[in-house]
Amino acid sequence: MSQIEITLPDGSRQAVEAGTRPIDVARSISPRLADAALVAKLDGNLADLDQPIEKSASLEILTAKNSEALYVYRHSTAHLLAAAVLELYPETKLGIGPPIENGFYYDFDRPTAFTPEDLEKIEKKMWEIRNRHIPYERIFTRKEEGLKKYSEAWMKCELIAERAGEIFTEYTLGPAFIDFCRGPHLPDTSKIKAFKLLSIAGAYWKGDEHNKQLQRIYGTAFFTQKELEEYLNRLEEAKKRDHRKLGKELELFTVNEAVGSGLPLWLPKGATIRRLLEDYILEKERSTGYQHVYTPDLAKVDLYKRSGHWEHYKDDMFPPMDLETEQMVLRPMNCPHHILVYESRQRSYRDLPVRIAELGTMYRYERSGALSGLSRVRAMTLNDAHIFCRPDQIKEEFTKVMQLVEQVYKDLGITQYRYRLSLHDDVKKEKYVDNPEMWALGERVLREAMDSLGLPYVEAPGEAAFYGPKLDIQLADVMGHEETYSTIQVDFHLPSQFALEYIAADGKQHRPVMIHRAVVSTMERMIAYLIELYAGAFPVWLAPVQAIVLPITDRQTEYARGILNRLETAGIRASVDERNEKVNLKIRDAQLQKIPFMLVVGDREQENGKVAVRNRKHGDQGAKTPEEFLAGIRALIESKAVTE
RNA sequence: GCCACCGUAGCUCAGUUGGCAGAGCGGCAGUUUUGUAAACUGCGGGUCGGGGGUUCAAGUCCCUCCGGUGGCUCCA
């Protein structure tokens, strides 16, 4: 037997015989480690604890303290789910069952649908199997043999045919369960301590809607019951911040069937927030060189044929209106209109960059199943702009947009976001305009701009716009779903479609480059995000009602109205609660409405010419003169404070 | 669009094996004049999402359409 050397995380080395298993090493260190061990990491790669080590390597024994072990743990729980389903419903065919961000899923093909009751049964069966304390056993199989073995399981066959090497691994769970799987897995089911099945959903085989739809069971698993409960509690808490729920409770917006799906109506308070946000971004743009325009929400369909929207985007547009002599469509994007604004006069290189901006309302025929509250709608207003510039100005313009994004996010209190470089997809070429040189150029320009700014990003093939690559800024909503908010796109395609030109220093015609950019995203999506970010308790500068005066009895009605008048004169959005109710109720209602400041006025305040200030987060702040209060609230508004 | 689930008063929700549609909150009227998160009494309020079917009888069972939710696909 040859000797090999194992390097442990603390740097120490052990000489062992080749073929020693990680679990043996763990035992030699301490029985407690061997007991806590879930999976090994060999030269940086996850491996089973009983996988023989054949050559010198670094070895780490992972326990429940390690987050990577949690993925393996959840993967093994997914196998446990599949084993339970097969015991209960043997006719079921297995798809794939990976660990995911907050849990795991497994896809099944079965003629009848799983019901919520089935989920309970399956969960019970999972515990039953778990309590057998059976090992996850690794088996090596030859490809041709495997194809025969899985001939009854069409999805596994496909996977083996596509992915398996000549010899592949499978994992058993008891005598009746075997699954084509790369692993690694936990040593045995006794290591699984806490899991829960959460939901049933449809999912297309291999994520392609042309394929068969499978039944996906989602679940989650944690190392301890306590962590599981904490996670479920967090989910419950998150639901309370859902913008759809708060939008109704705080009377921000409503959606009415009589108008149509995905067509929200902004109620006065929501409209106030939206208007504040619009005023804010318009001012930011005015001060950074943008020119604002108004253009119509519809146009002749021919305009979109020329831009390429019709060819690539038709299915996502509301169908054309047939008029007497022409066809009109609601615009799904604002770029063609802005291009025509650029074209409205001859442009010199001295004019560039030309930055044309608009809060442009657009209409997209989103598929019904995709609609959601304010975050996914069919009528939306984009904080849109198109920058027409010379190629050598791209980098500077890109940088300026990024600076604007950073400033806006800071003002809005947004701190959690990531950059995604959205590229075209070599596989689904038909989704994009066919011009490989342009794509290569656009993608290179974006990469260079990001790299020179030193900003981290992930590349996402298949996420580009049909006309070009883009840098997207991704935010996650309260349930953890990531969406694109800000976006910056370098476009060589549309300028060429519209034969855009400027006269350069050489007196000749040159083609400008277009940068499409949205900073605040759509008003709808951004406000949905802000509602959830602040759980409806908007920063004072954005709060639809900033202060409410609460007279204790009707003796103070006149005094309260006087206070209101001073607030309104000072530009504060305020109201008075004159209802014949106890102050406790008025406070409760104002709290539930998340109004930042409550100004209680009773006999004492009236006599002293003061107001008793109560803050929604910090409670009673004591009596102040109206001037003192105004000075304080003005400071919060001017600084766009996110805390008060 | 697809799969699953859901749709009862303005809101949140009960409603048993098919047998007289309910509660709390909100609204309205009155009483109460109130000090930092819910005063008291009374009164209205419903094509049980729409349509069709089964049945002596349908909120309840079946079909279909519409809408919502969770996913999938698509996407700002």
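So that the names make sense, note that chain A is the first sequence line, chain B the second, and so on, each numbered from 1. Scope of the values below: all heavy atoms of this structure, side chains included, with no hydrogens, waters or symmetry mates.
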Students often get this wrong, so: under 4.0 angstrom with heavy atoms, is [X] touching a base, only sugar-phosphate, or nothing?
| X | answer |
| --- | --- |
| A:Gly369 | base |
| A:Gln215 | nothing |
| A:Arg376 | base |
| A:Lys212 | nothing |
| A:Tyr218 | sugar-phosphate |
| A:Lys470 | sugar-phosphate |
| A:Ala113 | sugar-phosphate |
| A:Leu198 | nothing |
| A:Asp620 | base |
| A:Leu382 | nothing |
| A:Arg216 | sugar-phosphate |
| A:Asp603 | base |
| A:Glu524 | nothing |
| A:Arg244 | sugar-phosphate |

Nearest to the side chain of [X], heavy atoms from C-beta on, is which of [options]?
| X | options | answer |
| --- | --- | --- |
| A:Lys431 | B:A39, B:G1, B:C75 | B:C75 |
| A:Ile552 | B:G35, B:C75, B:U33 | B:G35 |
| A:Ser261 | B:G68, B:G1, B:A38 | B:G68 |
| A:Glu483 | B:U73, B:A39, B:C75 | B:C75 |

- prompt: On a whole-Å scale, what distance lies between the P atoms belonging to B:G22 and B:G44?
  reply: 13 Å

message: Measuring only the P atom in each nucleotide, how far is B:U16 from B:A58? A whole number of Å is fine.
response: 16 Å

- prompt: Between A:Asp208 and A:Ser372, which is nearer to the 5' end of RNA chain B once each is assigned its nearest nucleotide?
  reply: A:Ser372

task: Identify, between A:Arg614 and A:Val377, the residue whose nearest nucleotide on RNA chain B lies closer to the 5' end.
output: A:Arg614

Once you measure the plane-to-plane angle for [X] and [Y], does it fall in the parallel (<30°), tilted (30-60°) or perpendicular (>60°) bin?
| X | Y | result |
| --- | --- | --- |
| A:His309 | A:Tyr467 | tilted |
| A:His338 | A:His386 | perpendicular |
| A:Tyr417 | A:Tyr419 | perpendicular |

On the side chain of [X], is there an atom forming a donor-acceptor pair with the base of [N] - under 3.5 Å, no angle test?
| X | N | answer |
| --- | --- | --- |
| A:Asn584 | B:U36 | no |
| A:Glu605 | B:G35 | yes |
| A:Gln213 | B:C2 | yes |
| A:Tyr204 | B:G71 | no |
| A:Arg367 | B:U73 | yes |

Would you mind pulling out the nucleotide paired to [N], Watson-Crick or G-U wobble, both distances under 3.5 Å?
| N | answer |
| --- | --- |
| B:U55 | none |
| B:C2 | B:G71 |
| B:U60 | none |
| B:U31 | B:A39 |
| B:G7 | B:C66 |
| B:U47 | none |

- request: Could you tell me whether a side-chain N or O of A:Arg604 sits under 3.5 Å from a main-chain N or O of A:Lys610, the two making a donor and an acceptor?
  value: no

A:Ser372 side chain vs A:Ser375 backbone, donor-acceptor pair below 3.5 Å: no

message: Under 3.5 Å, is there a donor on one side chain and an acceptor on the other for A:Gln474 and A:Thr484?
response: yes

- request: Look at A:Lys431 together with A:Asp425 and state whether they make a salt bridge at an N to O cut-off of under 4.0 Å.
  value: no

